[in-house]
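Heads up: the structure comes next, in C-alpha cells.
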Amino acid sequence: FNVDGAAYTFAFWAKRNVIGTTMVVMGHSSTANEQFIRFNTSNEIKVESDAANDVATITQNTNDTGWHHYVISISSGTVTAFQDGVSCSVSGDVNGDNLTINTIGGSGTDGTDYEFNGNISEIAAYNITLSSSQAKQIYNDGEPFDHKNWSKTGNLTQWWRMGDGAYDGGHIITDEANLGIGGELSPNISCDSNVTGWSAYGSDGSGND
C-alpha cells in the first residue's frame, strides 16, 4: 500500500483477550518490527511502514478486552483513526515508505511473532480515506456492515470476513472484494496416471496429465 503517496483506509473488528501486550493485526513475514498495524504494550495502536521508525501512534478512546471497531485512514502519510466511530488522537506519520502486508494476526517468520491473542474479524481495505461520518457509518452501531453495498463499494480493494465469507471454511479465508478461491489453491502439480483404476484423461498443457 502506497501510504506515503496515496490514500488508503483499513477497517477491522478486534477483541483482545489481554491488554498491555504487543499483538499484530496485520504484519509481514520478513520482519517482526516493521510493516505492521498492531497493538503495543502501552495499549496504543502502531502503524509502521516498510521503513523502521516511520510510525504513527494511535491512542485508543477505550482500552479493554471487549470487541471494538477500528478505522485507520492514511493520506500521503498522514494518519487519522476512529474507534467505534469516534475520532482518536494520533501522533507521528508514515510519510517515508510504502506499507507491505502479507500476514494477519502475526508477523515475522511464519507469522509467529507477536501473534494476536484474541479475535479479529471483518478486515476491509479501501483505496481512499474515509471521513469521520463514513467511519461511523461502517461501524454501524456495532451491527454487521455490508462493505459491498454502499456508496464506497467501488473503492473496496479487500474484505476478509473471517469465517462468514461465501467460500470461507476448512482453514480458508477468502477475499470478499475479489470473490473466488484463487489460483493459489489449485497449484500446478505433477500427477501419475499409473494408479489402479485410473487412466490419463489428457494433458493440461504443461506436461501433466
Side-chain angles (χ1 to χ4, degrees), residues 1-4 8-74 77 79-84 88-126 130 135 138-139 147 157-165 168 171-177 184:
F1 298 93
N2 180 21
V3 294
D4 62 328
Y8 293 96
T9 294
F10 304 94
F12 57 91
W13 282 92
K15 180 185 185 302
R16 295 174 294 161
N17 288 336
V18 295
I19 60 176
T21 301
T22 299
M23 56 180 80
V24 169
V25 178
M26 291 179 277
H28 198 281
S29 57
S30 69
T31 175
N33 293 308
E34 296 174 22
Q35 309 172 74
F36 58 72
I37 297 174
R38 74 186 186 194
F39 294 88
N40 67 5
T41 56
S42 299
N43 299 304
E44 301 159 326
I45 299 174
K46 296 276 191 177
V47 182
E48 186 168 306
S49 66
D50 295 8
N53 299 316
D54 188 22
V55 60
T57 302
I58 301 164
T59 301
Q60 298 188 84
N61 300 319
T62 304
N63 176 43
D64 58 27
T65 56
W67 277 105
H68 292 287
H69 185 258
Y70 300 90
V71 175
I72 300 171
S73 289
I74 307 173
V79 177
T80 56
F82 306 87
Q83 182 185 29
D84 300 333
C88 297
S89 173
V90 180
S91 61
D93 58 48
V94 289
N95 196 26
D97 212 333
N98 296 337
L99 173 61
T100 305
I101 296 294
N102 73 357
T103 66
I104 293 174
S107 61
T109 304
D110 298 322
T112 56
D113 289 303
Y114 303 125
E115 290 178 307
F116 196 89
N117 181 358
N119 299 87
I120 305 169
S121 191
E122 303 288 338
I123 296 179
Y126 289 83
L130 297 183
I138 66 173
Y139 165 55
H147 288 275
T157 60
Q158 286 93 16
W159 180 23
W160 295 283
R161 299 200 64 197
M162 306 310 199
D164 294 324
D168 289 359
H171 305 290
I172 296 172
I173 303 297
T174 55
D175 178 4
E176 291 293 289
E184 69 276 8

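Quick caveat: nothing in here was measured; it's all calculated off a predicted structure.
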[X] and [Y]: which non-hydrogen atoms are nearest, and at how many Å?
X      : Y      : result
Gly163 : Asp168 : N-OD2, 2.8 Å
Asn40  : Lys46  : ND2-CE, 3.3 Å
Met23  : Arg38  : O-CB, 3.2 Å
Ala56  : Val90  : CB-CG1, 4.3 Å
His68  : Asp84  : ND1-OD2, 2.7 Å
Ile37  : Ile72  : CG2-CD1, 3.8 Å

Quiz prompt | Phe10 vs Ile123, side chain to side chain contact (heavy atoms under 4.5 Å, CB included): CA-CA, chis, key distance, verdict | solution = CA-CA 7 Å; Phe10 304 94; Ile123 296 179; over 6 Å; no
How long is the straight-line distance from [atom2] of [Y] back to [atom1] of [X], given to the nearest 0.5 Å?
X      : Y      : atom1 : atom2 : result
Thr57  : Asp93  : OG1   : CG    : 10.5 Å
Gln158 : Asp175 : CD    : CG    : 5.5 Å
Met26  : Phe12  : CE    : CZ    : 6.0 Å
Phe116 : Arg16  : CZ    : CZ    : 7.0 Å
Ile58  : Asn43  : CD1   : CG    : 13.5 Å
Asn102 : Ser107 : CG    : OG    : 10.0 Å

Exercise. Using the six-membered ring wherever Trp is involved, compare the ring planes of His147 and Trp159 and label them parallel, tilted or perpendicular (cut-offs 30° and 60°).
Key: perpendicular
Quiz prompt | Geometric class of the Phe1/Tyr8 ring pair [parallel <30°, tilted 30-60°, perpendicular >60°] | solution = perpendicular
Exercise. Using the side chain to side chain contact (heavy atoms under 4.5 Å, CB included) rule, take His69 and Ile138 through it: C-alpha gap first, then chi angles, then the decisive distance, then the call.
Key: CA-CA 9 Å; His69 185 258; Ile138 66 173; 3.7 Å; yes
Under 3.5 Å: donor-acceptor pair, side chain of [X], backbone of [Y]:
X      : Y      : value
Asp64  : Gly66  : yes
Thr103 : Gly111 : no
Asp4   : Val94  : no

Residue pair [X] / [Y], side-chain heavy-atom distance below 4.5 Å:
X      : Y      : answer
His28  : Asp50  : no
Val55  : Val47  : no
Asn61  : Cys88  : yes
Ile120 : Trp160 : no
Leu99  : Ile101 : yes
Tyr126 : Thr157 : no
Thr21  : Asn117 : no
Gln83  : Ile45  : no

Quiz item: When Ser49 is tested against each of Asp97, Asn2, Asp54 for side-chain hydrogen bond (donor to acceptor under 3.5 Å, both in side chains), which residue passes?
Solution: Asp54
Quiz prompt | is_close_aromatic(Phe36, Tyr114), centroid dist under 6.0 Å | solution = no
Quiz item: Could you walk me through whether Glu122 and Arg161 pass the side chain to side chain contact (heavy atoms under 4.5 Å, CB included) check?
Solution: CA-CA 4 Å; Glu122 303 288 338; Arg161 299 200 64 197; 3.3 Å; yes
